[in-house]
Protein chains: 2
Amino acid sequence: MAQEQAGEAGEPASGDVSDRVYAELLTRISEGEFAAGERLFEQALARQLGVSRTPVRDALKRLAAEGLVDTTPNKGAQVVSFTAEDTAALYELRAQFEPVACRLAVPRLGEEDLAELEELDARMQAIVAGGHDPAELTGLNNAFHAIFVERCGNRHLAIALQALFRPAIVTRTFRQYDPRSLERSMQAHQQLVEAALAGDGEWAEAVMRSHILSTRHATAGTTSDADV
Amino acid sequence: MAQEQAGEAGEPASGDVSDRVYAELLTRISEGEFAAGERLFEQALARQLGVSRTPVRDALKRLAAEGLVDTTPNKGAQVVSFTAEDTAALYELRAQFEPVACRLAVPRLGEEDLAELEELDARMQAIVAGGHDPAELTGLNNAFHAIFVERCGNRHLAIALQALFRPAIVTRTFRQYDPRSLERSMQAHQQLVEAALAGDGEWAEAVMRSHILSTRHATAGTTSDADV
DNA sequence: CTCTGTCATGTTGCATGCAATCTCGCAGAC
DNA sequence: GTCTGCGAGATTGCATGCAACATGACAGAG
């Protein structure tokens with residue numbers, strides 16, 4: 001489904017190489033290849049990716065603006081590290097804001113959006129049914145949630161929300177999948193699809209809220225999250 | 001409590017020159033020196049500010065990430081332009097989100113924060129009492145609101161909110177000050193200070209919400225806003 | 001043994017050169 | 001007269017060189 005592959009929502013669309021580097025770093029961070037707190041050196045990354053320092057700098061700044069890395073003036077960037085409270089606060093906020101975007105988005109969803117939602121839902125269920133692959137599951141889940149955010153009809157809300165739930169992906173590394181909460185999440189996704197198909201924004205909003213709160217609860221005891 | 005002085009909230013803290021350029025561009029945009037839709041050329045700005053293109057590039061990217069300028073791949077940056085609906089939506093969202101930050105922030109405010117709030121309030125009132133200088137008024141107002149956002153205790157909420165209410169400042173160019181709504185805003189600010197001094201987050205939240213909604217209403221008929 | 005001052009190293013931040021891309025105007029053909 | 005193709009100018013994007021700052025080790029004094 002077309003979907004902007006690297007441009008995301010905030011359209012900080014830079015060049016060609018720069019986008020590639022950004023996407024690569026984003027993937028590595030979200031898949032836990034970089035440990036939390038690990039320093040990211042411009043030159044090392046540049047050599048490793050076969051580009052110069054400039055696009056790496058750009059990508060790191062972009063990640064910093066999105067809250068995925070911390071930067072200190074003359075020291076550079078390091079992957080953000082979350083405390084348990086940080087994660088809890090993040091969920092608290094998502095629970096308040098993302099449902100709003102959801103309600104706004106539902107009436108605006110087109111045919112292809114709905115089709116994509118159904119497909120993503122189906123693929124996630126397939127993964128859960130079989131042996132689950134955490135990395136792929138979160139990717140699909142992010143895409144699923146992203147549809148609502150990106151279609152909310154307000155660029156700035158999209159930017160704001162990306163800033164809120166992008167950082168959450170870095171905490172996913174040590175996640176443990178609890179079968180029960182996973183099942184509950186799948187049901188929530190199904191309900192979201194139904195609500196979307198029905199064009200019922202309020203329903204979708206309510207489902208999304210309980211979905212997020214339920215997930216928050218499931219992760220209350222651990223330092224990891226499970227934002228599926 | 002350390003206080004970051006120039007790093008703002010999202011701490012995309014870059015270098016020295018880069019920050020200066022960013023601040024300068026932000027000021028010019030918010031004061032309407034750059035028209036909406038106007039293209040911003042790197043080299044021209046660099047010459048004008050007496051620096052090289054690099055820090056200008058960085059600043060523009062930062063502004064793009066915050067939604068203050070639009071960038072297209074090989075064309076550069078231009079100041080965002082808002083339709084009336086965009087502005088309305090922005091207020092709608094602020095009304096939902098900023099009060100939450102306000103509630104979270106109030107219990108966390110220190111002595112110096114309270115003192116600053118009082119001072120900012122006093123200065124704004126002084127300006128309103130005399131002949132008002134729009135530019136300075138909005139600057140103070142932004143600072144006033146920023147205190148709550150920055151002290152909300154969650155970095156990511158701060159980033160998200162900056163994304164929401166930073167863009168609003170660009171629409172201020174043609175604003176017209178309606179004496180009555182201005183007076184109402186001043187009273188709201190006073191109440192916010194009182195609530196903050198009392199440490200009553202819920203009160204502050206309620207005041208902030210009505211403050212924003214009132215402002216939205218005041219700007220409903222125009223294409224400009226009046227976020228004081 | 002501990003603490004402090006100095007120095008070497010590494011990294012970021014800024015400046016500049018070069019290539020790729022886009023835009024716009026103009027000439028020529030139909 | 002209108003449309004198409006070409007070319008010059010301009011602007012961004014990437015690469016690289018240089019200077020400033022921060023960090024860490026080591027030597028020397030107390």
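The structure displayed is predicted, hence computed values, not measured ones. The chains referred to below are lettered A, B, ... by the order of the sequence lines, with proteins before strands, and numbering in each begins at 1.
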Taking the side chain from E38(B) and the backbone from A35(B), do they hold a donor-acceptor pair closer than 3.5 Å?
-> yes
With a non-hydrogen cut-off below 4.0 angstrom, is L60(B) in contact with a base, only sugar-phosphate, or nothing?
-> nothing
Using heavy atoms to find the nearest nucleotide of DNA chain D for K75(A) and G50(A) separately, return the residue whose nucleotide is more 5′.
-> G50(A)
Do the side chain of R39(B) and the main chain of K75(B) share a donor and acceptor less than 3.5 angstrom apart?
-> yes
Are any side-chain N or O atoms of D113(A) and backbone N or O atoms of G110(A), one a donor and one an acceptor, separated by less than 3.5 Å?
-> yes
Length of the CG-C1' vector between L40(B) and dG13(D), whole Å | 17 Å
Atom CG of D58(A) and atom P of dC14(D): how far apart are they, to the nearest Å?
-> 7 Å
Check every atom of dA15(D), dT12(C), dC22(C) against the side chain of S52(A) and return the nucleotide holding the closest atom.
-> dA15(D)
From dT12(C), dC18(C), dA15(D), pick the nucleotide closest to the side chain of V51(A)?
-> dA15(D)
Take R28(B) and E24(B) through the test salt bridge (Lys or Arg N to Asp or Glu O under 4.0 Å) and record every step on the way to the result.
-> CA-CA 6 Å; R28(B) 293 198 187 182; E24(B) 180 64 24; 2.9 Å; yes
Which whole-number value in Å describes the distance from K61(A) NZ to dC14(D) C1'?
-> 16 Å
Below 4.0 angstrom from OP1 or OP2 of dG13(D), is there any side-chain N or O of R57(B)?
-> yes
In whole angstrom, give the distance that lies between atom CG of D16(B) and atom P of dT11(C).
-> 22 Å
In whole angstroms, how far is the C1' atom of dA22(D) from the CD atom of Q78(A)?
-> 14 Å
Please tell me which of the listed nucleotides, dC14(C), dG13(D), dC14(D), lies nearest to the side chain of P55(A)?
-> dC14(D)
Heavy atoms only: give me the nearest C102(A)-E205(A) pair and the separation to one decimal.
-> SG-N, 4.4 Å
DNA chain D: 5'-proximal contact among R39(A) and T54(B) (nearest heavy atom) = T54(B)
Considering only heavy side-chain atoms of E42(A), the closest of dG13(D), dT12(C), dA15(D) is dT12(C)
note: N74(B), atom CG; dA10(D), atom C1'; distance rounded to Å ~ 12 Å
F41(B) has an atom CZ; how far is it from atom P of dC22(C), in whole Å?
-> 16 Å
Which of these nucleotides, dC18(D), dG17(C), dC21(D), is closest to any side-chain atom of R53(A)?
-> dC18(D)
Spacing between Q43(B) atom CD and dG9(D) atom C1', to the nearest angstrom = 13 Å
